[in-house]
Amino acid sequence: MKKILLIIPIALIALTSFYYLKPVSKINIQPLGDVSPEYINLVKKSVKSFYGYDCVVLPKKEITKDMLSPIKKRVDADKILKNKLSFDNLLILTETDICYSKDKNNTEWGIFGLGLRPGKTCIISTFRLKKNVSKQKTFERLEKVALHEIGHNLGLDHCTNNKECMMNDANGTIKQVDNEKLWFCEKCKKQVKKK
């Protein structure tokens, strides 16, 4: 009986690990609210080029009141990821501002994106990426943020190895995103290859 009780938790751990580490073959892109086809196509092309994953664009989902933050009416990324839509490998893309609860004092911290680590879902918003910049700069930022959040889904933490690596923590500033290259440092690249 003791052997059976010991085998059950080991089997559950193995199955959970398999779920998170099984190879990704495609990413589902879920537009949330009205999203420009240019943004969707850019993300689709970037994911294919950088990671080699095919992308399937799902039908648009409307933003509902239960997705919004209580105070400022932004989309609450925590709620979205906790109540994720029913697809694996899901990248949710919106043009609406998003936030999450950073701590007790910052319950509506505005962000560019948020991804589960490891996980199967991330959300990205263009809202803060496009303020007062050209379309080209917006595209550069969107590409980096989307690939960064997928990196979290693949198990990568924020990088402290190289300031130009896409996996750096933006710390709430777009300046960090602008200073990064569309590139993983050797350490992050090795970690992704191990997966």
Thr126 side chain vs Leu129 backbone, donor-acceptor pair below 3.5 Å: no
Looking at Glu180 and Lys163, is any side-chain nitrogen of the basic one under 4.0 Å from a carboxylate oxygen of the acidic one? no
Close side-chain approach of Asp54 and Lys48, heavy atoms under 4.5 Å: yes
Hydrophobic cluster identity match, Tyr51 and Trp183, side-chain contacts under 4.5 Å: no
In Å, rounded to the nearest 0.5 Å, how long is the span from CD1 of Ile92 to CG of Leu32? 6.5 Å
Main chain of Gln176, side chain of Asn179: is a donor-acceptor contact present, judged purely on distance under 3.5 Å? no
Nearest 0.5 Å, please: how far is SG in Cys165 from NE2 in His158? 10.5 Å
Do we see a donor-acceptor contact under 3.5 Å between the side chains of Asn171 and Thr173? no
Counting only N and O atoms by type, is there a donor-acceptor contact under 3.5 Å from the side chain of Glu95 to the main-chain atoms of Ser36? yes
Spacing of Lys135 atom NZ and Glu38 atom CD [to the nearest 0.5 Å]: 3.5 Å
Pair Trp109, Cys99 - check side chain to side chain contact (heavy atoms under 4.5 Å, CB included), show working. CA-CA 5 Å; Trp109 184 258; Cys99 64; 5.6 Å; no
Between the main-chain N or O of Cys159 and the side-chain N or O of Asp169, is there a donor-acceptor pair closer than 3.5 Å? no
Rounded to the nearest 0.5 Å, the CE atom of Met167 sits from the OG1 atom of Thr160 at a distance of 11.5 Å
I would like to know whether Thr138 and Lys131 meet side chain to side chain contact (heavy atoms under 4.5 Å, CB included); could you show each step before the answer? CA-CA 8 Å; Thr138 301; Lys131 284 190 173 181; over 6 Å; no
Nearest heavy-atom approach of Glu108 to Ser69 is OE1-OG, 3.0 Å
Mark yes or no for whether Asn153, through its side chain, and Gly115, through its backbone, hold a donor-acceptor pair below 3.5 Å. no
How far apart are the C-alpha atoms of Arg74 and Leu68, what are their side-chain angles, what is the distance that settles it, and do they pass the side chain to side chain contact (heavy atoms under 4.5 Å, CB included) test? CA-CA 5 Å; Arg74 297 185 275 194; Leu68 299 176; over 6 Å; no
Would you mind checking if Asp66 and Lys79 are paired as a salt bridge, meaning a charged N to carboxylate O distance below 4.0 Å? no
Paired with Lys144, the side chain to side chain contact (heavy atoms under 4.5 Å, CB included) test is passed by just one of Met166, Glu149, Lys181, namely Met166
In the structure I gave you, are the side-chain heavy atoms of Asp76 and Met67 within less than 4.5 Å of one another anywhere? no
Identified side chain to side chain contact (heavy atoms under 4.5 Å, CB included) partner of Leu142 from the options Val43, Val177, Leu147: Val43
Below 4.5 Å, heavy atoms only, C-beta onward: do Ile29 and Leu58 meet side chain to side chain? no
Write down the atom of Arg117, the atom of Leu156, and the distance for their closest heavy-atom approach. CD-O, 2.7 Å
Is the distance between the ring centroids of Phe127 and Phe112 under 6.0 Å? no
A side-chain contact here means heavy atoms from C-beta on lying under 4.5 Å apart; do Tyr39 and Lys130 qualify? yes
Approximate separation, where rounding is to 0.5 Å, of Thr121 OG1 and Ile80 CD1: 10.5 Å
Exam field: side chain Lys26 to backbone Tyr53, donor-acceptor pair closer than 3.5 Å: no
Would Leu91 and Ile124 count as a side chain to side chain contact (heavy atoms under 4.5 Å, CB included) if you check the C-alpha gap in whole Å, the side-chain angles of each, and the deciding distance to 0.1 Å? CA-CA 7 Å; Leu91 184 150; Ile124 295 117; 3.6 Å; yes
Ala77 and Leu114 have their tightest heavy-atom pair at CB-CD2, 3.7 Å
Which pair of non-hydrogen atoms, one from Arg128 and one from Ile111, has the smallest distance, and what is that distance? CD-O, 3.6 Å
Okay, side chain of Asn168, backbone of Asn162: is any donor-acceptor separation there less than 3.5 Å? yes
Residues, nucleotides or ligands: over 12 heavy atoms within 6.0 Å of Asp34 CG: no
Which of parallel (below 30°), tilted (30 to 60°) and perpendicular (above 60°) describes His152 and His148? perpendicular
Do Val133 and Leu42 belong to the same hydrophobic cluster, where Ile, Leu, Val, Met, Phe, Trp and Tyr are linked whenever their side-chain heavy atoms lie under 4.5 Å apart, directly or via other members? no
Lys/Arg N to Asp/Glu carboxylate O, Lys45 vs Glu143, below 4.0 Å: no
Where the side chain of Thr94 meets the backbone of Ser125, is there a donor-acceptor pair that is under 3.5 Å apart? no
Atom SG of Cys122 and atom CD1 of Ile27: how far apart are they, to the nearest 0.5 Å? 7.0 Å
